[in-house]
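The structure appears right after this line, and notes come after that.
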2 protein chains.
Amino acid sequence: MPDTIAASHRLDISAPHRELLDQVLDKWSLQVLNELCEAPARFSELRRAIPAVTQKSLTATLRRLERNGIVDRIVLRTRPLAIEYRITPLGKTLRPPIDELLAWADTHMPAIERARVRFDEEAEGEDVT
Amino acid sequence: MPDTIAASHRLDISAPHRELLDQVLDKWSLQVLNELCEAPARFSELRRAIPAVTQKSLTATLRRLERNGIVDRIVLRTRPLAIEYRITPLGKTLRPPIDELLAWADTHMPAIERARVRFDEEAEGEDVT
DNA sequence: CGGTATCCTATGAGATACTG
DNA sequence: CAGTATCTCATAGGATACCG
């Protein structure tokens, strides 16, 4: 295995970091985490709570989160059998950083919208010069 | 215009938020931001600094960041002409949340590795039961 | 140097059908 | 209910060739 390329004084954004963030910050993870931080939920409850997700994607998301120790999959020996998903303590530690990120998005959204409009307008006039 | 669906006491992870984070936290943005937070850089410097990125992906990343007001593309009227990319003030505000996320990844990486091993081992023995 | 244009393939994700 | 298994299509991203 290759060690880190250089002892950079900057942030080291190594492959494992990126891979990890990709698994945790993907399209549906945030919503799922959001639901499970509230309360444990069953598969069908999650589907109802997040209508846009398909069965397949929800399954994939839950498996990924489970594999990374972010959620637990509990088999309830009720009748006829039920599965419950719960956030783990490790999963809970994700909240503060995620919240900060969402707060950033919230705060700067207007500035970003403006930047986009400007950019798109400039691109318009570009080739007519 | 529809207001937020429900006055949820939970985090609202709306489409614009997700879209924004997708644009900013994509595969290469973190590395690029990391470089540009240090100092302005030319296209070829970025390629050297991030060897794994292809020309196409780097171009796409820079355009996206530029459109969102995170970086500036400066045309230097030197000889024979040079392009410089710089982080914007808006771009700099991204650092704290990103740092927190990376710190989280760093802190909890060992626990996550362990969770993965456990999960994969359990999956092994599963069908041999 | 700093890209754009094109082709091609791998992956992600929706729809659908079926199972314990 | 809680999935798995396919099929299919759209997109992301790499390789390559070329341009101002």
Side-chain angles (χ1 to χ4, degrees), chain A residues 15 18-19 21-32 35-36 40-68 71-86 119 122-124 126-129, chain B residues 15 18-32 35-36 40-68 71-86 119 122-123 126-129:
Chain A
R18 270 239 48 90
E19 192 210 341
L21 294 182
D22 280 349
Q23 304 225 338
V24 156
L25 288 181
D26 82 340
K27 193 173 180 185
W28 302 113
S29 296
L30 285 186
Q31 279 98 316
V32 170
E35 293 302 322
L36 295 185
R42 316 243 321 247
F43 191 85
S44 46
E45 291 175 326
L46 289 174
R47 289 201 71 187
R48 271 191 296 280
I50 313 168
V53 75
T54 62
Q55 219 168 31
K56 182 183 173 182
S57 301
L58 181 54
T59 302
T61 300
L62 287 170
R63 281 294 165 285
R64 196 169 30 244
L65 292 177
E66 191 191 353
R67 186 170 111 89
N68 286 279
V71 310
D72 270 341
R73 180 179 182 274
I74 313 286
V75 180
L76 301 171
R77 309 227 5 116
T78 57
R79 202 217 60 88
L81 241 251
I83 313 282
E84 192 176 86
Y85 291 94
R86 297 189 322 188
F119 183 92
E122 278 168 18
E124 276 298 302
E126 210 92 307
D127 45 7
V128 199
T129 317
Chain B
R18 270 239 49 90
E19 192 209 341
L20 177 52
L21 294 181
D22 280 350
Q23 303 225 339
V24 155
L25 288 180
D26 82 340
K27 191 171 181 185
W28 302 111
S29 296
L30 285 186
Q31 277 98 318
V32 170
E35 293 302 321
L36 296 184
R42 315 243 320 248
F43 191 85
S44 45
E45 291 174 326
L46 290 173
R47 287 201 74 188
R48 271 191 296 279
I50 313 169
V53 76
T54 61
Q55 217 168 35
K56 183 183 173 182
S57 301
L58 181 54
T59 303
T61 300
L62 287 169
R63 281 295 165 284
R64 193 168 34 241
L65 292 177
E66 190 191 354
R67 188 170 110 89
N68 286 279
V71 310
D72 269 342
R73 180 178 181 276
I74 313 287
V75 179
L76 301 172
R77 310 228 2 120
T78 57
R79 201 217 62 87
L81 244 246
I83 314 284
E84 193 176 85
Y85 291 94
R86 297 189 321 188
F119 183 92
E122 278 167 17
E126 210 93 307
D127 44 6
V128 199
T129 318

Rounding to a whole Å, what distance do you find between [X]:[atom1] and [N]:[atom2]?
| X | N | atom1 | atom2 | result |
| --- | --- | --- | --- | --- |
| Arg18(B) | dA13(C) | CZ | P | 10 Å |
| Asp22(A) | dA12(D) | CG | P | 15 Å |
| Leu58(B) | dG13(D) | CG | P | 12 Å |
| Phe43(B) | dC19(D) | CZ | P | 18 Å |
| Asp26(A) | dA12(D) | CG | P | 15 Å |
| Ile50(A) | dG14(C) | CD1 | P | 12 Å |
| Glu66(B) | dG3(C) | CD | P | 9 Å |
| Ile74(A) | dG3(D) | CD1 | C1' | 17 Å |

### Message
My understanding is that only one of Leu58(B), Leu46(B), Leu62(B), Val53(B) makes a side-chain contact (heavy atoms from CB on, under 4.5 Å) with Trp28(B); could you say which?
### Response
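Option passing the side-chain contact (heavy atoms from CB on, under 4.5 Å) with Trp28(B): Val53(B).
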### Query
side chain to side chain donor-acceptor pair (under 3.5 Å) with Thr54(A): which residues, sequence neighbours excluded?
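In terms of side chain to side chain donor-acceptor pair (under 3.5 Å), with neighbours along the sequence ignored, Thr54(A) is linked to Ser57(A).
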### Query
Taking only residues two or more places apart in sequence or in another chain, which ones pass side chain to side chain donor-acceptor pair (under 3.5 Å) with Asp72(B)?
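Partners of Asp72(B) under the side chain to side chain donor-acceptor pair (under 3.5 Å) test: none.
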### Task
Between dG3(C), dG14(C), dC1(D), spot the one nearest the side chain of Ile83(B), thanks.
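For Ile83(B), the side-chain atoms sit closest to dG3(C).
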Check the interface with nucleotides 16-20 of chain C: list each N/O to N/O pair with the protein under 3.5 Å, or write none.
none

[N] phosphate, OP1 or OP2, under 4.0 Å from [X] side-chain N/O:
| X | N | result |
| --- | --- | --- |
| Lys27(A) | dG14(C) | yes |
| Arg47(B) | dG2(C) | no |
| Arg63(B) | dT4(C) | yes |
| Thr59(A) | dG3(D) | no |
| Arg42(A) | dC1(D) | no |
| Tyr85(A) | dG3(D) | yes |
| Ser57(B) | dA12(D) | no |

Between atom [atom1] of [X] and atom [atom2] of [Y], what is the distance when rounded to the nearest 0.5 Å?
| X | Y | atom1 | atom2 | value |
| --- | --- | --- | --- | --- |
| Leu36(B) | Leu65(B) | CG | CG | 8.0 Å |
| Lys56(A) | Thr59(A) | NZ | OG1 | 10.0 Å |
| Ile83(A) | Leu76(A) | CD1 | CG | 7.5 Å |

### Message
Give me each pair satisfying salt bridge (charged side-chain N to carboxylate O under 4.0 Å, His left out) with a member in residues 42-55 of chain A, each pair once, sequence neighbours excluded.
### Response
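Sorted pair list comes back empty.
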### Nearest-nucleotide 5' precedence on DNA chain D, Trp28(B) against Arg48(A)
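The answer here is Arg48(A).
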### Query
Do Glu35(A) and Gln31(A) pass the side chain to side chain contact (heavy atoms under 4.5 Å, CB included) test, and can you show the C-alpha distance, the side-chain angles, and the key distance before you say yes or no?
CA-CA 6 Å; Glu35(A) 293 302 322; Gln31(A) 279 98 316; 5.6 Å; no
#### Entry: Contacts of Asp26(A) that satisfy side chain to side chain contact (heavy atoms under 4.5 Å, CB included) - sequence neighbours left out
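So Asp26(A) forms a side chain to side chain contact (heavy atoms under 4.5 Å, CB included) with Ser29(A), Thr61(A), Arg64(A).
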### Task
Provide the closest heavy-atom pair for Arg18(A) versus Leu25(B) in the form atom of the first, atom of the second, distance.
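The answer is NH2-O, 3.7 Å.
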### Message
If you assign each of Leu81(B) and Arg64(A) to its closest nucleotide in DNA chain C, which residue comes earlier from the 5' end?
### Response
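Closer to the 5' end of DNA chain C: Leu81(B).
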### Query
With sugar-phosphate meaning primed atoms plus P, OP1 and OP2, does Arg73(A) contact a base, only sugar-phosphate, or nothing at under 4.0 Å between heavy atoms?
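The residue Arg73(A) makes sugar-phosphate contact but no base contact.
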### Task
Return the angle between end axes of the helix from dC1(C)-dG20(D) to dG20(C)-dC1(D), with five pairs used per end and rounding to 10°.
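The end-segment axes of the helix from dC1(C)-dG20(D) to dG20(C)-dC1(D) are tilted 50° relative to each other.
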